[in-house]
Protein chains: 2
Amino acid sequence: MKDNGRSSAQPTIAHVARAAGVSSATAARVLGGYGYAGAETRQRVFDAAKRLAYQPNQLARSMATGRSEMIGVVVADIENLYFARAIRAIIDTASANGFGVVLANTDEDIELERDAVRVLLANRVDGLIVSPTSSIEVDHLIGARDMGCPFVLLDRRVPVLNADTFAIDNFRAAHQAVASLIKQEHRRIALVSNAPSRGEQHYLISSVRERIDGYRAALHDAGIQIVPKLIILGGWDTENLARQLRQLCQSANRPTAFLATDSSVALVLLNVLRELDLSIPDKVSLICFDDADWTAAVTPPLTVVSQPIRDLAKAATEDLIARLQGEATGPAKETLLQATMIDRGSVSSALARPSVKRRTSAAGN
Amino acid sequence: MKDNGRSSAQPTIAHVARAAGVSSATAARVLGGYGYAGAETRQRVFDAAKRLAYQPNQLARSMATGRSEMIGVVVADIENLYFARAIRAIIDTASANGFGVVLANTDEDIELERDAVRVLLANRVDGLIVSPTSSIEVDHLIGARDMGCPFVLLDRRVPVLNADTFAIDNFRAAHQAVASLIKQEHRRIALVSNAPSRGEQHYLISSVRERIDGYRAALHDAGIQIVPKLIILGGWDTENLARQLRQLCQSANRPTAFLATDSSVALVLLNVLRELDLSIPDKVSLICFDDADWTAAVTPPLTVVSQPIRDLAKAATEDLIARLQGEATGPAKETLLQATMIDRGSVSSALARPSVKRRTSAAGN
DNA sequence: CTGAAAGCGCTAACAA
DNA sequence: TTGTTAGCGCTTTCAG
């Protein structure tokens with residue numbers, strides 16, 4: 001155990017101290033940047049440290065201080081553009097504040113999420129940024145907090161946790177998007193999501209639920225009947241989603257417009273529409289969430305709901321760090337950022353098309 | 001310092017030991033899964049641990065063993081699809097082997113890369129997976145290895161480092177793509193990359209350099225003259241790249257085909273092409289690297305060079321872990337995976353078009 | 001099979 | 001301003 005596994009032993013503070021001819025406490029003080037030290041002593045220590053290529057051992061420091069300067073990030077899928085942007089912003093913000101980032105992926109699987117939190121806790125991250133998979137199975141998060149590891153919620157709300165939350169105003173965003181479609185005389189508007197199709201409404205993560213709510217509200221406000229079949233919960237299997245979409249598009253009263261709850265879902269929809277030769281925006285209109293870079297490059301460019309996820313992630317990280325440093329110890333607060341619609345041409349008036357049924361009611365199944 | 005910052009003190013092995021009526025050494029043995037322990041003793045310890053909701057402290061364990069069970073990952077840009085996929089594969093593979101992942105982003109900035117490595121080293125990650133920004137400024141990597149922190153290279157080669165390397169056969173991939181364009185009678189083929197435009201050829205990261213080499217070789221093999229102006233190094237500024245592309249496309253002898261070295265570059269190109277009303281594949285043909293999900297959804301679907309980045313990242317992670325565990329201590333090896341072209345319709349014959357100059361030489365400036 | 005004790009590298013009282 | 005001395009929670013000889 002002497003060698004510690006590392007072949008060339010790392011120099012420690014003790015080595016530096018000896019080389020500088022001071023006590024290790026003194027060396028530690030100057031190297032750690034705390035406590036007092038004489039100017040000349042300082043210099044000697046720094047010199048010795050450089051000479052030995054000393055690298056502080058954060059692990060040992062963490063042991064002694066009880067803080068690891070690491071924050072854990074738990075999200076569903078790093079490959080998803082939305083989360084990728086979030087993680088990027090988190091890393092940037094964290095490292096600007098001297099924190100490292102340990103990343104875990106859950107794939108929307110609550111067991112993986114539990115494992116992830118356990119591992120992060122074992123590694124004594126100072127805090128957690130979580131985009132929870134479930135709004136009801138949150139015992140592990142409560143556990144984390146009980147163990148003194150605070151967390152903030154990103155993108156998804158879980159009121160019972162009573163934690164600082166950073167989310168998009170999904171209700172409003174969806175409402176606005178649907179309202180704009182209605183203004184273009186669309187009456188049969190479908191909402192397409194990759195939310196799980198089984199299970200209670202209650203199980204939906206808040207973002208999707210709120211978008212559905214916004215969708216319903218907009219229809220309701222316009223006096224349009226809500227047709228359950230037009231709300232597609234595709235689940236995480238894209239093949240299944242594609243199948244549902246094909247069926248919907250081939251039905252007698254196919255929708256004239258779609259609202260996709262994220263860009264990957266929109267992609268599936270796009271493929272189905274092409275397959276069925278339903279051109280945008282002539283035959284159908286489309287708005288999707290997420291201003292993915294490709295949405296501006298397809299033909300026609302897609303009208304999107306742009307979400308300020310980077311700002312959101314940055315705010316979440318700063319908030320967490322502030323709390324870790326003892327500032328901002330108030331009650332849980334919720335930060336809701338507004339999305340903005342970017343009109344790009346995938347929406348056209350339903351009136352321009354010949355064979356569109358315009359009866360408001362009784363049209364659905 | 002008693003309370004350690006955490007409000008509710010975490011139970012330690014000592015607590016569990018006391019509760020189980022054994023020595024902490026014994027408790028440690030059963031909880032740590034090493035050394036001997038009587039069946040009944042084991043049980044008592046486990047019970048006590050569960051009762052107290054004991055969570056091992058990986059930090060303390062790392063201190064004692066010298067291994068943190070963490071690997072550091074250093075890439076340029078997490079938001080880039082290619083790296084996002086890589087990271088996903090790394091995390092999956094690492095956690096399947098009991099390792100955590102600390103992520104750092106460099107933005108292709110060598111200073112940030114240095115910082116990142118320093119922080120990771122300070123946190124005593126057991127090993128590093130790096131996609132280095134520079135093929136010459138690698139002292140920090142050598143330093144890492146000297147300190148006993150091994151690393152593997154992902155996506156980019158740096159021969160002087162003599163490290164295990166996992167990369168795509170970029171030369172062959174580019175060669176193949178260009179050859180296929182040539183077979184379609186294209187003679188003016190442009191290569192579009194986001195490599196930095198200043199600096200020596202030498203400074204290019206290996207992946208881009210090899211693609212350019214493959215491009216040249218394919219032209220050379222076909223007896224086509226290489227026109228420097230057709231090799232675009234756009235740098236990291238998309239506006240600049242767009243400007244160059246516009247200029248190129250508006251020149252007298254605009255290219256009839258493009259090879260884009262990644263999907264984000266292809267996106268910029270796509271926008272310029274539409275702006276100038278150059279439709280694909282009628283007016284120009286296009287092949288791009290990276291099978292991004294959107295490439296199949298645009299009109300027309302893009303012919304792409306699909307890179308097995310997930311496999312690559314997985315192999316890199318497994319290799320690193322094997323080395324960490326003392327297996328596979330042989331000399332540095334290089335793993336080169338082949339990319340595959342996916343034909344999707346963004347390429348058509350140059351002959352089919354009327355006004356295309358076919359003189360092989362003297363066409364460029 | 002179990003316990004005592006030393007030590008990993010650092011921080012933080014407390015003395016000097 | 002500097003040094004001494006305990007720990008942080010765990011692993012790991014070494015005795016028993």
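For the pair A:Thr65 and D:dC8, the criterion of a side-chain N or O lying under 4.0 Å from OP1 or OP2 is not met. Side-chain nitrogen and oxygen atoms of B:Tyr34 include at least one within less than 4.0 Å of the OP1 or OP2 phosphate oxygen of D:dT11. One finds a side-chain N or O of A:Tyr54 lying less than 4.0 angstrom from the OP1 or OP2 phosphate oxygen of C:dC10. Checking the phosphate oxygens (OP1, OP2) of D:dG3, a side-chain nitrogen or oxygen of A:Ser23 falls inside 4.0 Å. Residue B:Thr41 has no polar side-chain atom (N or O) positioned under 4.0 Å from OP1 or OP2 of C:dC1.
Considering only heavy atoms from C-beta on, A:Ser62 stays 4.5 Å or farther from A:Arg124 through its side chain. Residues A:Pro150 and A:Leu324 meet the side-chain proximity criterion, which asks for heavy atoms closer than 4.5 Å.
Distance, B:Arg29 CZ to C:dG3 C1': 7 Å, rounded to whole Å. Distance B:Arg67 CZ to D:dT12 C1': 15 Å, rounded to the nearest Å. As rounded to whole Å, 12 Å separates atom C1' of D:dT11 from atom CD of B:Gln58.
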Criterion salt bridge (Lys or Arg N to Asp or Glu O under 4.0 Å) on A:Arg310 and B:Glu79, from CA distance to verdict: CA-CA 11 Å; A:Arg310 293 188 181 87; B:Glu79 285 184 48; 2.8 Å; yes

Worked check of side-chain contact (heavy atoms from CB on, under 4.5 Å) between A:Val152 and A:Thr165: CA-CA 6 Å; A:Val152 303; A:Thr165 302; over 6 Å; no

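Note on A:Ala37: only backbone sugar-phosphate atoms sit closer than 4.0 angstrom, heavy atoms only; bases stay farther off.
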